[in-house]
Amino acid sequence: MSNKKLTLTLALTVGFVSSAAPILAANISTTVLANGLNNPRGMTLGPDGQLYITQAGRGGNGTCITTGQSQVCYGPTSAIARLNTTTGATEVLIDNLPSLAQQPSGNEGTGLQDLYFDQSGQLFGIIGLGNHPDVRDNTLGVPAFGQAIAINLSGTPSWSLKADLANFERDNNPDRDEVDSNPYSLVVQNGVIYATDAGGNSLLRVDGNGAITAIAAFPVRSVTPPPFIPNLPNPFPMQAVPTGMAIGPDNQLYIGQLTGFPFPVGGANVYRFNGTNLEEFATGFTNIIDLAFAPDGSLYVLEYASNFLAGDFSGQLWRIAPNGTRQSILDEGLSFPTGLAIGDDGAIYVANQGFVGGQGQILKITSTPEMTSVIALGVTALMGLRLRSKKKSTSL
């Protein structure tokens with residue numbers, strides 16, 4: 001796939017917005033619904049209209065391993081929380097899921113990464129790893145890392161293993177590069193789980209019986225490295241990794257990617273999987289972390305950071321309208337956001353400070369239609385990203 005330039009038209013739409021419409025040019029109202037979360041990541045709205053949130057956890061005092069340039073330690077501190085979108089009340093439903101994080105800060109946690117309800121109301125999740133599956137099995141001895149799980153919310157909430165995605169990476173290695181697994185995002189459609197493995201650079205299908213198939217691999221792409229990095233070949237082979245995923249109005253899968261080293265601005269794409277192949281849907285992004293569709297069919301794209309190597313760690317939220325026009329919704333102030341969800345009423349929920357132990361937030365973003373200017377939220381950036389995926393391409 002070629003490294004195309006920005007292809008979508010930038011547009012600012014001015015007008016009145018109904019309560020179920022996406023945020024356009026309007027007065028932005030941002031409310032902090034929850035504070036003090038431990039590495040919040042993916043979110044999903046449940047059949048009850050409440051927001052279900054993953055917390056990757058703070059790790060603990062268990063076995064420590066090295067991932068990239070970090071040492072992270074194990075503890076059963078990853079959790080599922082439910083947030084009442086009206087009152088802001090938050091309750092923890094399950095709090096004993098596996099987690100790896102730096103100690104004692106609890107930063108850069110890896111644990112439960114994403115959640116998704118199927119059409120029957122069954123909740124599924126995905127647990128990351130960020131390493132070779134042998135490290136999980138022989139060093140950590142915690143088999144739940146790198147797996148898709150089924151979550152039972154009736155009675156006393158519980159969870160069970162569904163499919164071992166890390167083991168699939170070890171046995172099959174779809175991208176034919178080094179073996180490394182970090183399951184990151186999932187959706188469920190017609191009883192089938194689709195998952196991205198950011199470490200394995202692959203899109204996986206999990207059937208109802210737990211059988212796993214690699215349906216796509218994300219290739220290395222050639223990019224021009226930044227001029228301030230000496231001695232890099234030009235073009236440079238960049239390995240961007242798949243992250244957030246959403247099901248579109250056309251029932252196709254849409255997948256965002258986070259750029260790999262040398263992290264070129266504009267080097268990340270949104271892909272559409274048409275049932276057979278990956279095709280470029282939108283180009284010109286940099287570090288996509290999550291995607292979500294609004295009720296009107298607009299695709300919202302959440303970027304984790306704008307320009308790593310230049311020291312710009314601010315996140316950004318974009319809207320791609322059904323006609324292809326692109327608009328920045330928030331262009332400053334998001335501090336390492338990691339998760340995105342949109343309600344039937346058009347309200348946008350963002351997990352902010354998502355790689356920070358004890359400082360994660362859930363933001364609710366709404367609009368007031370009588371105004372026509374977009375007002376940005378200001379938040380200070382705290383730390384850099386180390387998405388646990390291919391060491392040679394994404395570690396900082």
Side-chain angles (χ1 to χ4, degrees), residues 1-8 66-72 102 107-108 110 128-132 169 173-182 184 196-203 216-244 255-271 278-289 301-316 318 331 336-338 355 381-396:
M1 300 173 194
S2 62
N3 183 26
K4 295 182 178 179
K5 294 183 179 179
L6 184 68
T7 58
L8 297 179
T66 299
T67 298
Q69 299 175 8
S70 287
Q71 184 179 68
V72 291
Q102 295 177 350
N107 293 342
E108 299 192 25
T110 294
L129 174 60
N131 221 305
H132 195 292
E169 161 69 9
N173 191 15
D175 74 339
R176 300 293 180 257
D177 206 325
E178 62 179 294
V179 174
D180 191 314
S181 182
N182 187 31
Y184 194 79
T196 58
D197 189 331
N201 280 347
S202 56
L203 176 62
F218 292 78
V220 173
R221 292 191 286 121
S222 295
V223 299
T224 299
F228 54 82
I229 303 180
N231 304 320
L232 288 183
N234 187 9
F236 187 88
M238 179 191 72
Q239 194 172 56
V241 300
T243 51
I255 306 104
Q257 62 178 181
L258 188 96
T259 51
F261 183 83
F263 308 105
V265 173
N269 300 330
V270 176
Y271 290 95
L278 292 171
E279 56 188 26
E280 289 181 356
F281 174 75
T283 64
F285 295 100
T286 302
N287 293 297
I288 299 171
I289 198 72
V301 180
L302 183 65
E303 290 190 280
Y304 181 84
S306 298
N307 191 345
F308 284 140
L309 296 185
D312 184 356
F313 301 125
S314 59
Q316 188 156 358
W318 295 88
D331 60 0
F336 304 106
T338 48
F355 273 75
L382 296 178
M383 57 170 289
L385 166 69
R386 192 187 316 282
L387 179 65
R388 299 200 188 341
S389 54
K390 293 288 185 180
K391 300 181 185 68
K392 71 177 185 180
S393 63
T394 61
S395 293
L396 299 180

Mind checking what makes side-chain contact (heavy atoms from CB on, under 4.5 Å) contact with Pro235, not counting sequence neighbours? Ser222
At their closest point, which heavy atom of Ala217 faces which heavy atom of Pro174, and how far apart are they? CB-O, 4.0 Å
Interatomic spacing from CG in Leu203 to CG in Leu278 - rounded to 0.5 Å: 6.5 Å
Can you list everything that forms a side-chain contact (heavy atoms from CB on, under 4.5 Å) with Val270? Sequence neighbours excluded, please. Tyr254, Phe281, Ala282, Phe285, Ile288, Leu291, Leu299, Val301
Within this structure, what is the CD-OG1 distance for the pair Glu108 and Thr67, rounded to the nearest 0.5 Å? 9.5 Å
Answer yes if the side chains of Asn269 and Thr283 hold a donor-acceptor pair under 3.5 Å, and no otherwise. no
Any idea which heavy atoms bring Val179 and Glu169 closest together, and the distance? CA-OE2, 3.4 Å
Could you report the tightest heavy-atom contact between Asn234 and Pro225, atom names first, then the distance? OD1-CD, 3.6 Å
Go through it in stages, so that I can follow the logic: the residues are Ser181 and Asp197, the test is side-chain hydrogen bond (donor to acceptor under 3.5 Å, both in side chains), and I'd like the CA-CA distance, side-chain angles, deciding distance and then a yes or no. CA-CA 6 Å; Ser181 182; Asp197 189 331; 2.8 Å; yes
Rounded to the nearest 0.5 Å, how far apart are OH of Tyr184 and OG1 of Thr196? 8.5 Å
Considering all heavy atoms of both residues, which atom of Pro262 and which atom of Ile229 are nearest to each other, and what is their separation? CB-CD1, 4.1 Å
Is the backbone of Leu129 close enough, under 3.5 Å, to the side chain of Asn182 for a donor and an acceptor to pair up by distance? yes
Give me the atom names and distance for the closest heavy-atom approach of Asp175 to Gly200. CG-O, 3.4 Å
Nearest-0.5 Å distance that lies between atom CD in Glu279 and atom OH in Tyr271: 11.5 Å
For Asn231, side-chain contact (heavy atoms from CB on, under 4.5 Å) partners two or more places apart: none
Rounded to the nearest 0.5 Å, what separation is found between the CD atom of Glu303 and the CD1 atom of Ile289? 10.5 Å
Quick one: closest heavy-atom pair of Thr110 and Gly128, and the distance? CG2-C, 3.6 Å
To the nearest 0.5 angstrom, please state how far the OG1 atom of Thr286 sits from the OH atom of Tyr304. 14.5 Å
